[in-house]
Visitor: 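Attaching a single structure in structure tokens format; questions to follow.
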2 protein chains.
Amino acid sequence: MQGRPKGRKSPLQGSSASHSISGEKERLRLFIKKAGLKSTRQRDIIATEFLKTIGHITAEDLYKKVNRKHKEIGFTTVYRTMKLLSKCGLASERVFADNLTRYEPARGEEHHDHLICIGCGEITEFENPKIERLQGEVAKEFGFNTISHKMELYGYCRRCVENA
Amino acid sequence: MQGRPKGRKSPLQGSSASHSISGEKERLRLFIKKAGLKSTRQRDIIATEFLKTIGHITAEDLYKKVNRKHKEIGFTTVYRTMKLLSKCGLASERVFADNLTRYEPARGEEHHDHLICIGCGEITEFENPKIERLQGEVAKEFGFNTISHKMELYGYCRRCVENA
DNA sequence: ATAATTTTGAAAATGAATTTCATTTCCTTG
DNA sequence: CAAGGAAATGAAATTCATTTTCAAAATTAT
Ligand SMILES: [Mn+2]
Ligand SMILES: [Mn+2]
Ligand SMILES: [Zn+2]
Ligand SMILES: [Zn+2]
């Protein structure tokens, strides 16, 4: 009764990047070959557009961006390509409180956590080694073998606080 | 084409409690009155069953428990009652990585975070003032006014590690 | 009891995520 | 440079937890 999500919210996610996207595309190509998959025009276009992204974008919004120049590329392919990029380590899947799946380029960098503004939707990243260490201590105390973790602070960003 | 979720997973969530459930039921009664709502047999039954719960339970699973003794009470009412209990502060809504909404009795206690076992589904609670303090520092650094936060560690619980 | 308002429960709707399937594209082999 | 086998594509359908709708039933104040 419905093919795929109709347009909806989606706060900021910039564009443009200063990366060797070529290197990342190469990594994708290798992964594809190794997995017995095939390189396609669509995957190339979608990956290129995604890797230019700064921030956290939904498959739906990425589809909209891609769709501007490439009317023939469908949402399903964007969706599937993001799954693929996640598997090969070029994208990280994130789900915040609005329950939408977002993707962010995973630039081999270290793990990070997020501040999410409930006013304007801005997503800010941070990294705090002390907290990470303490999380390790907590896990140890419970005999817990941690594989991943998620920490999100929800509230109002500086701009929203000032404009209040 | 489908009224509500059919049975699915759902790891542990114990039962039995050592609380003055009567006090919590009184709180619900007051909230209901103050909001111009009505006390009903169903709400009483559902709230009672929920408040006996230890752990984190989905509306679906709570419905199943209630349904054993009260075939006439529908899922929708359980669902709505949990929303009501959340609003009046007797329940906390939690969404972990499996994207199901769970509820846990909110016993006026302090905030806590969770360890979630990806082996057996066990959910363990913890509280770490040092981490909380550091989170405050991070927020401060970004001029961020934190309203709530979420921290979850995913991995294998002691038992699952030992049985591996 | 009566009336006004809220609640209930079955069914339908919603919406993001995922799958299906007929067709097209890719890529290796001859 | 075919040809053929395998994978990809895209539109449409499906899934499934959640939420809404609506007519009938229950609650509360009068
Ligand atoms: Mn991020
Ligand atoms: Mn808890
Ligand atoms: Zn903001
Ligand atoms: Zn476990």
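Just so we're on the same page: letters track the sequence lines, and every chain starts at 1. Computation of the quantities below employed the complete heavy-atom set of this structure, encompassing side-chain atoms and omitting hydrogens, waters and symmetry-equivalent molecules.
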Visitor: Report the distance from atom CD of B/Glu93 to atom P of D/dT18, rounded to the nearest whole Å.
Guide: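 Taking atom P of D/dT18 as the reference, CD of B/Glu93 is at 9 Å.
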
Visitor: Give a yes or no on whether a salt bridge exists between A/Glu162 and A/Arg159, defined as a side-chain N under 4.0 angstrom from a carboxylate O.
Guide: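 A salt bridge is absent here (no side-chain N lies under 4.0 Å from a carboxylate O).
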
Visitor: Would you please confirm or rule out a distance under 4.0 Å between OP1 or OP2 of D/dA17 and any side-chain N or O of B/Thr101?
Guide: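 Looking at the OP1 and OP2 atoms of D/dA17, neither is under 4.0 Å from any side-chain N or O of B/Thr101.
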
Visitor: Let me have a per-nucleotide readout for nucleotides 6-11 of chain D, 5' to 3', with B, S or -, counting only protein heavy atoms under 4.0 Å.
Guide: BSSBBB

Visitor: Test B/Glu93 against every option in B/Lys83, B/Arg102, B/His56 by the side chain to side chain donor-acceptor pair (under 3.5 Å) rule and name the one that passes.
Guide: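 Only one option passes, and that is B/Lys83.
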
Visitor: Looking at B/Lys64 and B/Asp61, is there a salt bridge between them, counting it only when a charged N and a carboxylate O are closer than 4.0 Å?
Guide: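 Looking at B/Lys64 together with B/Asp61, the answer is yes, because their closest N to O distance falls below 4.0 Å.
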
Visitor: Do we see a donor-acceptor contact under 3.5 Å between the side chains of B/His112 and B/Glu104?
Guide: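 Yes, side-chain donor-acceptor contact under 3.5 Å.
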
Visitor: How long is the line joining OH of B/Tyr79 and C1' of D/dT21, in whole Å?
Guide: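 Roughly 13 Å, once rounded to whole Å.
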
Visitor: Is it true that B/Lys140 and B/Glu137 have a side-chain N and a carboxylate O under 4.0 angstrom from each other?
Guide: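 No.
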
Visitor: What is the distance, to the nearest angstrom, from the CD1 atom on A/Ile45 to the P atom on C/dT25?
Guide: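 One finds 13 Å between P of C/dT25 and CD1 of A/Ile45, rounded.
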
Visitor: Starting from C1' on C/dT6, measure out to CG on B/Leu84 and report it in whole angstrom.
Guide: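 Interatomic distance, CG of B/Leu84 to C1' of C/dT6: 12 Å.
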
Visitor: Can a side chain N or O of B/Lys33 be found less than 4.0 Å away from OP1 or OP2 on D/dT28?
Guide: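 Result: no.
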
Visitor: Starting at atom CG of A/Asp44, determine the distance to atom P of C/dC27, rounded to an integer number of angstrom.
Guide: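 Roughly 11 Å, once rounded to whole Å.
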
Visitor: Please give, in whole Å, the distance from D/dT28 C1' to B/Lys34 NZ?
Guide: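 That distance rounds to 19 Å.
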
Visitor: Take atom CG of A/Asp61 and atom C1' of C/dG15, then tell me their distance rounded to the nearest Å.
Guide: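 Taking atom C1' of C/dG15 as the reference, CG of A/Asp61 is at 15 Å.
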
Visitor: Rounded to whole angstrom units, what separation is found between the CG atom of B/Asn99 and the C1' atom of D/dT18?
Guide: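 Value for this atom pair: 11 Å.
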
Visitor: Do A/Arg41 and A/Glu72 meet the salt-bridge criterion of a basic N to acidic O distance under 4.0 Å?
Guide: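 Salt bridge flag = yes for A/Arg41 with A/Glu72.
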
